[in-house]
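Protein chains get the first letters and strands the later ones, always in sequence-line order, with residue 1 at the start of each. Hydrogens, waters and symmetry mates play no part in the numbers below; they use all other heavy atoms, side chains included.
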Number of protein chains: 2
Amino acid sequence: MISNKARYAFRALLAIAAAPEGEATTSAEVARRYAIPHKFLEQILLDLRKAGILESKRGKSGGYVMLRPADTVSFGEVLRIFEGPLAPLPCLSRQSYRRCEDCVSETHCEIRKEFGRAYDASRAVLDTRTIGDALADAADRAPSRREDRRAG
Amino acid sequence: MISNKARYAFRALLAIAAAPEGEATTSAEVARRYAIPHKFLEQILLDLRKAGILESKRGKSGGYVMLRPADTVSFGEVLRIFEGPLAPLPCLSRQSYRRCEDCVSETHCEIRKEFGRAYDASRAVLDTRTIGDALADAADRAPSRREDRRAG
DNA sequence: TTAATTCCCTATATGACAGATAGGTTTTAT
DNA sequence: ATAAAACCTATCTGTCATATAGGGAATTAA
C-alpha cells in the first residue's frame, strides 16, 4: 500500500494541474475538497515544490501552479518523492542501489530475478504514465457541456 | 521494498524446495546458510506452516519439507502472508477491499486507474511465477556435473 | 530410558516511521 | 493595516519491522 501522504499528493497534483492555465490553487481549497488535514497537506505541497514540480506564490491570491507541464511528471517520479525507492529489493534500485546483506551471488539470485520482472512490469506503467495522461483520460470520459453539445 | 521477513521466507522456501525429495531441512541449517537470525527464522517457518505451505517434523532428524508442490506456490501467495495485501490502494485489493476515506467516486478516480494498471502488471508476474519456476530456472543456468558432462 | 535435537509458542524490547498536530513567521494583494 | 496565503520547525502518538528471549513439547538416536 502506498502512504496517505503519497495519495494526498496525487489528489493535489491532479487538482492543481486541472486548474485553468495560470490560475493558482490554494492548499486550503484542495484540503477542503478532499478532506485532507490542511497542515499535513501544506507539508506535502512544500515537498512537491522543493522537488521542482510545483511553483508557489505567497500572500493574498497566492497558491500553487505546476512548474513543469503535467505531461512531464510521471506517477513514478511523484511516488519516489514520498515513498523513497520503488524497487522491491535494494539490489534492484538504480537510483539507490544497495546490496542485500544476506546475498551470496546477486547474478544467481532467483529472488532478485523474479522481483526484477515484477518491478520492470510495474515501472513500465508508473514511469511512463503522467499526471497529464490521467487528466486527459478524465476529460475523455467526462467531456465538458460544450463538447457534449457538439458531439450531439 | 519488501520486508526482511518476506525475503528470508523466500530464501528458506527455495532452500527447502530444492532439497532432495522427502529430505527435511532444519531451520538451523537455513539460518546458518543465509546468516538469518535463527529465532526470527523459526517464526517465519511457523507462519509458512500455518499457511499450509510447509510441513514440519519435530525431534531429531526433523525439519521442514514442502506440503504442496513448489510449482503451486506463487511468489504472490508467499508475499501476501508476510506483507498483507499487495495492492497499492485499499480500493484495488480483491482479498481485502477497503474504500479510500477521501474518495469521491471510485469509478472516476484517476489515481485508482493508474495504480490499477501498475498493479495488474505486477500481479501478472507475482501471481504467475512460482517457487518451482525459480528453481527450474536456477537448474537451467547451473546444471549438475552429470548434465555438464552429457552436454559436453 | 535418557539425552539430544528439533520444532512450537508467547512475551518483550527497541528504533523507525506514518500520520498527523501545533504554533508560529514571512510575503503579498487590497 | 489587515487578511490571506505560503513557509518552517518541532513535537506527539500509535503502529510496525526486526528482532531477542526463554522456555515447552515432541521425537528419536543411543
If you go through the side-chain atoms of K39(A), does one of them form a donor-acceptor pair with the base of dG24(C) closer than 3.5 Å?
yes
Which nucleotide wins on minimum distance to the side chain of F40(B), given the candidates dA19(D), dA3(D), dC7(D)?
dA19(D)
Is E77(B) paired with R68(B) through a side-chain N to carboxylate O contact shorter than 4.0 Å?
yes
Reading DNA chain D 5' to 3', how would its secondary structure be written in dot-bracket notation, given Watson-Crick and G-U pairs with both distances under 3.5 Å, brackets [ ] for crossing pairs and | for partners on other strands?
||||||||||||||||||||||||||||||
Looking at S61(A), I'd like to know whether one of its side-chain N or O atoms comes within less than 4.0 Å of OP1 or OP2 on dA29(C).
no
Residue whose nearest DNA chain D nucleotide is more 5′ - T25(A) or H38(B)
T25(A)
Can you name the salt bridge (charged side-chain N to carboxylate O under 4.0 Å, His left out) partners of D127(A), sequence neighbours left out?
R80(A)
Whole angstroms only, please: what is the CD-P distance between E83(B) and dA17(D)?
7 Å
L54(A) CG to dC7(D) C1': how many Å, rounded?
14 Å
Whole-Å distance between dG14(D) P and N4(A) CG?
17 Å
Can any side-chain N or O of D47(B) pair as donor or acceptor with the backbone N or O of I44(B) at less than 3.5 Å?
no
In whole angstroms, the gap separating C1' of dA20(C) from CD of E101(B) amounts to 13 Å
Looking at residues at least two apart in the chain, or sitting in another chain, which of them share a salt bridge (charged side-chain N to carboxylate O under 4.0 Å, His left out) with R117(B)?
D137(A)
Phosphate contact (dT6(C) OP1 or OP2) by S56(B) side-chain N/O below 4.0 Å
no
Provide, to the nearest angstrom, the distance between the CG atom belonging to D47(A) and the P atom belonging to dC8(D).
11 Å
Measure the distance from CG on L46(A) to C1' on dA5(D) and round it to the nearest whole Å.
13 Å
Taking the six-membered ring for Trp, are F75(A) and F10(A) parallel (under 30°), tilted (30 to 60°) or perpendicular (over 60°)?
parallel
Closest-nucleotide ordering on DNA chain C, the 5'-leading residue of Q43(B) and K60(B):
K60(B)
Just how far, in rounded Å, is P of dT9(D) from CD of E42(A)?
14 Å
Quick one: the side chain of R58(A) and the base of dT28(C), do they pair up donor-acceptor inside 3.5 Å?
no
For G59(A) and Y8(A), take the nucleotide of DNA chain C holding the closest heavy atom to each; which residue's nucleotide lies nearer the 5' end?
Y8(A)
Can you confirm whether L54(B) sits close enough to L67(B) that some side-chain heavy atom of one is under 4.5 Å from a side-chain heavy atom of the other?
no
Rounding to a whole Å, what distance do you find between M1(B):CE and dC16(D):C1'?
18 Å
Short side-chain to backbone donor-acceptor contact, R99(A) and C103(A), under 3.5 Å
yes
dC8(C) OP1/OP2 closer than 4.0 Å to side-chain N/O of R49(B):
yes
